[in-house]
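What follows is one structure encoded as structure tokens, with my remarks underneath.
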Number of protein chains: 2
Amino acid sequence: MDLSSIEIFIAVANDRSVTKAAKAVGRVPSNVTTRIQQLEEDLGVSLFCRDGKKMTLTREGETFFAYANRLTALALEARQAVRPIAPSGTLRVGTMESTAASRLPAALSQFNQMWPDVSLSLTLGASRDLSRNVLAGVLDCAFIARPSKAMLEEEPDFDAELKMLEMEPIFVEDLVIVLPCGHPSIKSAADLHVGSLAALEPGCTYRKIAENWARKSSALQTTELGSYHAILASVATGNTVGVMPRSVLNLMHWPTSVQTHSLGPVETLLVYRKNDCPSVFNAFHEVLIATRGRDSRLSANWPASLSVQS
Amino acid sequence: MDLSSIEIFIAVANDRSVTKAAKAVGRVPSNVTTRIQQLEEDLGVSLFCRDGKKMTLTREGETFFAYANRLTALALEARQAVRPIAPSGTLRVGTMESTAASRLPAALSQFNQMWPDVSLSLTLGASRDLSRNVLAGVLDCAFIARPSKAMLEEEPDFDAELKMLEMEPIFVEDLVIVLPCGHPSIKSAADLHVGSLAALEPGCTYRKIAENWARKSSALQTTELGSYHAILASVATGNTVGVMPRSVLNLMHWPTSVQTHSLGPVETLLVYRKNDCPSVFNAFHEVLIATRGRDSRLSANWPASLSVQS
DNA sequence: CGGAAAAATCTCGATTCCAGAATTAAGTTC
DNA sequence: GAACTTAATTCTGGAATCGAGATTTTTCCG
């Protein structure tokens, strides 16, 4: 019995779906199916009822689920306990608005529970500024969106800064254009019937990706707003499209339905200074890995054809 | 992090030796070394101080050891908890004297703790009788010594009975001849300066192996005794050699030192009826697997050249 | 009765794992 | 202190496992 099998099991149990679980744990569905089958074989019971497409826990699955959570929690605690220098002081984390909303809460609260004496400071900002601040030592680490090759060529100094940092892909987001309710579905930016694109600050990578995509229709102005709620509200007026990760859209249960158009997967990178990992950062890193893919709010609605490509 | 790595770690921690731990978990030392190194790398700390040949736990190793035990205990509990039909009633276990003494106590008490309502009945006997009783349904399972090819050819009906049972190698014993203190060391049975071989009943496989080995010196009578203590006492008189697994010899800290001569490895088989595994047996089987290699009393003294060969 | 989506199965390349051989290091014996 | 023994580690090749993608099967929904 392998801890990774158990994490896969937890993901499937949370999402009731192997496809979504596969996304959550960064694997391919066939692999998830196989690992679950192996686990069932190993334990000698079936953990899920497969009625149709739904994967629901069996009676035994339920009881195993409880143990699975305890096991992973204990394993995480063990890792933390052997840390030779106990984390202390302050951890200064930088993050995009979107990551803060969707992916971090679980990890932050878990970390806070484990190390109540560490004070966590969270700085929100655009990818560009965040990485600069990590490099400058103002932040210990930051979550930023991986810029495309093209974007880095346009901004060589951003590229240079990133090269001086350690980068680690940690989440994958499906970046979408949010269309007003009733807008006909689109194949490209040329099909848009709106006047502007609502996005966050100029340094925001998602904004840049959307602007590059929108260039093809040329007539799109960018409206700068301060939050994803503001963007969605703006979209609701009917004359704007917004840009955001699907995970963010999904967790704000918006009253009116909206349409989306996927711009493809965008990796979220955790960046930190090379050769300069305070113990408190390492502790945070482990909590992050352990809580990744455990948040059932985040399961959802990826286009079938979506896969990560660099 | 893999549960098997943790079991390996526990074995090394108990035995303070990778060689002994390797025996205990049924692996090769190089493999144990590697797995420990991987574990240390994964956790980012060293778990053992290697001062010379001794492996002693570091400070972090100690704290991880505590978690390791909790983790394996929890994993075992999880396996048991998902058992669809709870074990109940009686489990009738047959065993050789030697296995009962050395390898079973840990498993039996663990099982008894987990399933206090199951009543365990233990029947001691020789391999030959035990397997017959399993086949007859008088016992649910039994621990017997694997007879050599030659022995099975001499007793075709024993062979036939075993073929009707499920057999699973579960321990490996180093079978030794115990020489009186002061007896010169021997290379073969011809070097013996004693009059008789002390052993248990005729159906005992170890006795047969020793008798086959002793044939070369031809002049050896077999004295039948009722227990390993009786055998050792008899050896102490000076005119007898005994036969027993080294594990048994090691755990009766005998006042006077004795010499030993290895007859090679002998596997202990767990036998049970095919297609007839009551839930209570499956539960016992899992406990057995989980507790195997956890008993530090059993580490010891294998000849360097010893390896299992069929 | 199609078409879409999800799970399962299959296949093949990549990785990992493990046994045994060779090597190194640390006691032991004389 | 040299020769021997024993234990740990490193190295290496074959075997087993793993995982991504393609294919197939099943189910859901129009």
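These numbers come from the heavy atoms of this one structure, side chains and all, not from hydrogens, waters or symmetry mates. Order of the sequence lines fixes the chain letters, A, B, ..., with proteins taken first and strands second; residue numbering starts at 1 for each chain.
Between B:D15 atom CG and D:dA8 atom C1' the separation is 15 Å, expressed in whole Å. Computed from coordinates, the B:R50 CZ to C:dG27 P distance equals 15 Å when rounded to whole Å. Atom CD of B:E7 is separated from atom P of C:dC18 by 12 Å (rounded to the nearest Å). A straight line from CZ of B:R35 to C1' of D:dT10 spans 17 Å, rounded to a whole angstrom. Remark: C1' of D:dA8 and NZ of B:K20 are 14 Å apart, rounded to the nearest angstrom. Regarding A:M55, its CE atom lies at a distance of 14 Å from the C1' atom of D:dT26, rounded to whole Å. Separating the CG atom of B:N31 from the C1' atom of C:dT16 is a distance of 11 Å, rounded to the nearest angstrom. To the nearest angstrom, P of C:dT9 lies 13 Å from CD1 of A:I36.
Each of A:D2 and A:D51 was assigned the nucleotide of DNA chain D with the nearest heavy atom; the assignment lying further toward the 5' end belongs to A:D2. Remark on DNA chain D: of its neighbouring residues A:G26 and A:K54, the 5'-side contact belongs to A:G26, judged by nearest-heavy-atom nucleotide.
Taking the six-membered ring where the residue is Trp, the centroids of A:F48 and A:F64 are separated by 6.0 Å or more.
At least one side-chain nitrogen or oxygen of A:R27 sits closer than 4.0 Å to the OP1 or OP2 atom of D:dG19. Contact annotation: A:T19 reaches the phosphate of C:dA7 (side-chain N/O to OP1 or OP2, under 4.0 Å). B:S17 has a side-chain polar atom (N or O) that falls below the 4.0 Å cut-off from OP1 or OP2 of D:dA8. Contact annotation: A:Q37 side-chain N/O to C:dT9 OP1/OP2 distance is under 4.0 Å. Within the structure, a side-chain polar atom (N or O) of A:Q38 is placed less than 4.0 Å from OP1 or OP2 of D:dC18.
Every residue two or more places apart in sequence or in another chain was checked for a salt bridge (Lys or Arg N to Asp or Glu O under 4.0 Å) with B:R27, and none qualifies.
Ring pair A:F171/A:F143 is parallel by interplanar angle, where below 30° counts as parallel and above 60° as perpendicular.
Between the side chains of A:S17 and A:D15, no donor N or O sits under 3.5 Å from an acceptor N or O.
Annotation: B:K54, atom NZ; neighbour count of heavy atoms from other residues, nucleotides and ligands within 6.0 Å does not exceed 12.
Side-chain atoms of A:V28 lie closest to D:dA20 of the nucleotides D:dA7, C:dA7, D:dA20. In the set D:dG21, C:dA8, D:dT10, D:dT10 carries the atom at the smallest distance from any side-chain atom of B:T33.
The base of C:dG20 lies close enough to the side chain of B:S30 for a donor and an acceptor atom to sit less than 3.5 Å apart.
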